[in-house]
Amino acid sequence: MSTGTPTPALHDPMTSVHEAIEEAVGSALEAIGAETPEITFEIPPDPKFGDLACPVCMGLARALKKNPRQIAADVKARLDATGVDWVARVEVAGGGYLNFTLDWPRFMAAVHDHVSREGDGYGFVGVGKGKKVVVEHTSANPNKPIHLGTARCAVLGDVTGRLLKMAGYDVEVENYVDDLGRQIAVLLHGYEHHKAEVERNPGDKADYYFGLVYMKGSEDVEDKPGGEEIVRDILHKMEDPSTPENKLAKEVVDQALKGQLETTWRMNIFYDVLIWERHIITSGLFAQAIETMMARSPETCYKVDAGDDKDCIVLDMSAFGEKYAQDKKPYKILVRSNGVSTYTGKDIAFQLWKFGEAAGYFSYERFIMQPNGKLLYSTVVDEGKGKKAKKAPKLSFGNADRVINVIGNEQKFPQEVVKSAMKVLGFDDHYENSQHLSFKEVGLPDQKFSGRKGTWVGFHADAAIDKATEKALAIIKEQNPTMPPSEQEAIAATIGVGAIKFYLAKFDMEKEITIIWDDLLNFEGDACPYVQYSCVRAQSILNKAKEAGVALPDASSALLARDVDSPEARALYFSLAHLPRKVVAWAASLEINQIPLYALEVADKFNKFYHECPILRSDVPEPVQRARILLVQDTITVFKQILRQLMGIDIPLRM
RNA sequence: GGGCAUUUCAUCUAAUGGAUAGGAUACCAGGCCUCUAACCUGGCUAGUGGCGGUUCGAAUCCGCUAAUGCCCGCCA
């Protein structure tokens with residue numbers, strides 16, 4: 001018996017193998033009188049230990065008062081008597097492991113059959129079927145370009161969205177735009193006073209240019225006497241639709257945002273809808289959210305009536321864990337004494353909207369057409385007079401079952417407040433389904449990226465992609481001197497983008513990334529070009545085969561395992577077979593960095609197969625050649641699923 | 001002061017409580033008459049910050065400790 005949690009019906013061979021062993025081991029344990037614990041598997045460190053190992057017997061020693069090896073031997077005896085589906089051999093090893101060796105001919109044939117039949121649907125599983133997930137990511141302040149830190153957010157968010165799509169969810173990707181924040185006021189100040197000092201080269205994008213202007217403005221007002229007053233004055237004017245500041249702010253934000261979008265588009269990162277921070281307030285959504293919280297839970301959400309924070313509306317976090325009681329203040333202010341909301345306050349209202357608890361506050365209009373052919377929409381709110389926006393009333397954004405906010409680690413506390421607010425409001429489901437996907441900063445060996453100080457200059461995403469592309473181009477020119485320049489450049493761009501995306505995704509999200517160009521631009525070893533190159537080699541075999549007049553077998557034709565069998569082919573098929581199970585696991589754990597690591601594993605296994613198992617050499621018998629080509633085709637299918645579908649990284653035709 | 005993370009070969013990193021802690025880079029030696037050498041093979045050097053504890057078994061869980069980072073604003 002497997003565990004009681006309902007797993008979706010999966011028919012991939014690897015899952016069949018697991019289920020067969022779980023069932024067989026489960027009933028064997030039952031027969032010898034053991035309480036069946038969860039049956040886990042691991043992949044043995046050495047092929048001589050078999051293909052899958054089960055350590056379950058070792059944990060039963062105490063309960064059964066028996067030597068774990070003896071328990072394993074008893075289980076093995078029963079398994080041998082009945083046989084285990086998909087398994088050729090069971091052995092006892094080590095301190096009581098049950099080691100299983102697969103029925104390889106059957107397994108490889110089944111994997112090939114499954115992969116080739118599923119094609120670009122391979123890996124798509126049903127765990128999210130019928131459920132909608134909102135993924136918010138990027139949400140970079142529109143006063144500077146995307147730097148490698150925000151790019152990490154964008155990449156992780158993008159891959160998360162793609163992963164959940166593969167897991168069967170209906171996915172909506174949102175980008176939250178802080179359009180009226182303090183940093184815009186600082187930018188306007190810089191624009192007004194230092195416009196002439198900041199040179200704008202013809203090729204400079206607006207986000208880059210404004211980033212430089214912002215630095216200038218920041219020098220003037222940050223930590224300077226009178227600076228705060230200047231900022232407040234501009235902020236005030238920005239809110240009044242009749243002022244030039246209001247108009248300019250909108251224009252600047254619009255241009256900077258479009259510049260940022262160009263950068264993410266370069267990386268194959270797209271969005272469904274932009275949520276403007278201002279609209280959370282102007283729509284009335286925020287006021288309603290606060291009112292409801294105070295009514296539902298007056299003990300935790302209330303107006304402070306004395307002390308420093310008199311007249312502020314707060315959310316008391318001490319109800320959510322003792323640790324908050326140790327903070328300077330056990331509560332988070334949601335509304336200031338002057339009635340203006342805080343950032344976290346708005347985030348709570350936004351979270352409610354994502355879950356569909358504030359429907360009707362927003363309408364939507366077209367913002368811009370994206371290069372992937374999908375329209376990007378934007379929230380719009382009727383603000384009294386003026387022209388009616390071109391609404392798209394049929395659209396319904398939000399209303400999700402699960403919400404994932406991809407936001408830096410430094411916002412852990414505010415994100416906990418947002419999540420806790422769901423509980424305060426009585427939305428226990430939303431509380432459970434609110435996830436903060438946290439990641440750590442990207443920096444330089446001796447400093448962090450800062451918009452104020454301009455340390456991002458030279459480390460914005462465009463610059464990194466350019467650098468990687470340049471390097472790729474140099475290599476291509478050297479290796480393919482006769483290739484037309486336009487093709488060389490297109491391939492270089494694909495490699496450059498891939499290198500950056502892959503790099504930003506491959507590290508444990510709890511770990512900081514320190515940018516060292518030599519490492520980031522190393523195209524050998526654990527890097528995207530290695531994976532792309534592997535795939536290009538695989539495609540090249542098929543191309544060469546066609547040129548040589550070798551008839552390619554139909555992808556769906558049956559694989560005769562004996563013709564392909566070799567340690568390298570087994571290892572490769574074993575890796576290929578894991579995709580569906582991995583997608584299920586990742587969709588729950590959101591361990592995004594496992595995806596590039598898996599890509600590297602497949603590339604590694606393929607390259608070993610490539611070297612050991614020639615295909616087009618004249619001494620390769622036809623049936624063997626045929627079988628090996630099928631494996632190459634299956635490998636290409638999986639490469640495409642990982643790189644293109646899960647990571648949004650293209651695969652060049654040649655390299 | 002409190003909270004949350006991080007700490008693994010020279011360097012960057014991986015490891016659902018499980019077998020000999022895996023890989024990459026760098027370095028050395030090989031491999032293109034033969035499917036693309038951004039690759040492969042072999043070698044090299046080696047590592048779980050420190051002290052305890054739990055466990056049949058700990059890089060992993062717990063406690064203490066050290067270093068580093070982030071958070072604990074009516075900022076955003």
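What's counted below: heavy atoms across the whole structure, side chains too, no hydrogens, waters or symmetry copies. First the proteins, then the strands, lettered A, B, ... as listed; each starts at 1.
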Mind jotting down which residue pairs meet the salt bridge (Lys or Arg N to Asp or Glu O under 4.0 Å) criterion with at least one end in [range]? Sequence neighbours excluded, please.
range: residues 607-635 of chain A; value: A/Asp604-A/Lys608, A/Arg617-A/Asp619
range: residues 63-76 of chain A; value: A/Lys66-A/Asp74, A/Lys76-A/Asp80
range: residues 444-455 of chain A; value: A/Asp223-A/Arg452
range: residues 333-345 of chain A; value: none

May I ask you to say what [X] touches in the nucleic acid, namely base, sugar-phosphate or nothing, with a heavy-atom cut-off under 4.0 Å?
X: A/Asp347; answer: nothing
X: A/Pro529; answer: base
X: A/Ala53; answer: base
X: A/Gly59; answer: base
X: A/Ile495; answer: base
X: A/Lys546; answer: nothing
X: A/Arg654; answer: base
X: A/Phe507; answer: sugar-phosphate

Looking only at side-chain N and O atoms, does [X] come under 4.0 Å of OP1 or OP2 in [N]?
X: A/Arg537; N: B/A37; result: yes
X: A/Gln594; N: B/A15; result: yes
X: A/Asn607; N: B/U41; result: no
X: A/Tyr610; N: B/A37; result: yes

Q) Which side-chain hydrogen bond (donor to acceptor under 3.5 Å, both in side chains) pairs, counting each pair once, include a residue from residues 471-480 of chain A, with sequence neighbours left out? A) none
For RNA chain B, the residues among [range] that have a non-hydrogen atom under 4.0 Å from it:
range: residues 616-625 of chain A; value: A/Leu616, A/Arg617
range: residues 519-526 of chain A; value: A/Asp519, A/Asn522, A/Phe523, A/Glu524, A/Gly525, A/Asp526
range: residues 467-482 of chain A; value: A/Ile475, A/Ile476, A/Gln479

Q. For A/Pro45, what residues pass the side-chain contact (heavy atoms from CB on, under 4.5 Å) criterion, not counting sequence neighbours?
A. A/Phe49
Checking base pairs now: Watson-Crick or wobble, both atom distances under 3.5 Å. What partners [N]?
N: B/G17; result: none
N: B/G73; result: none
N: B/A5; result: B/U68

Q. Does a sphere of radius 6.0 Å around CD in A/Gln447 hold more than 12 heavy atoms from other residues, nucleotides or ligands, not counting ones at 6.0 Å or beyond?
A. yes
Q: Please tell me which of A/Val56 and A/Leu597 maps to the more 5' nucleotide of RNA chain B, matching each residue to the nucleotide holding its nearest heavy atom.
A: A/Leu597
**Q.** Geometric class of the A/Phe100/A/Phe41 ring pair [parallel <30°, tilted 30-60°, perpendicular >60°]
**A.** perpendicular
**Q.** For A/Thr635, all residues meeting side-chain hydrogen bond (donor to acceptor under 3.5 Å, both in side chains), sequence neighbours excluded
**A.** none
Which atom pairs, donor and acceptor, lie under 3.5 Å between side-chain atoms of residues 524-539 of chain A and protein residues at least two apart or in another chain?
| unit_1 | atom_1 | unit_2 | atom_2 | d |
| --- | --- | --- | --- | --- |
| A/Tyr530 | OH | A/Asn607 | ND2 | 3.1 |
| A/Gln532 | NE2 | A/Thr494 | O | 3.4 |
| A/Gln532 | NE2 | A/Asp650 | O | 3.0 |
| A/Ser534 | OG | A/Tyr530 | O | 2.6 |
| A/Ser534 | OG | A/Asn607 | ND2 | 3.0 |
| A/Arg537 | NH1 | A/Asn607 | OD1 | 2.8 |

(Q) How would you summarise protein contacts on nucleotides 66-76 of chain B per nucleotide, using B for base, S for sugar-phosphate only and - for none, with heavy-atom distances below 4.0 Å? (A) ---SSSBSBSB
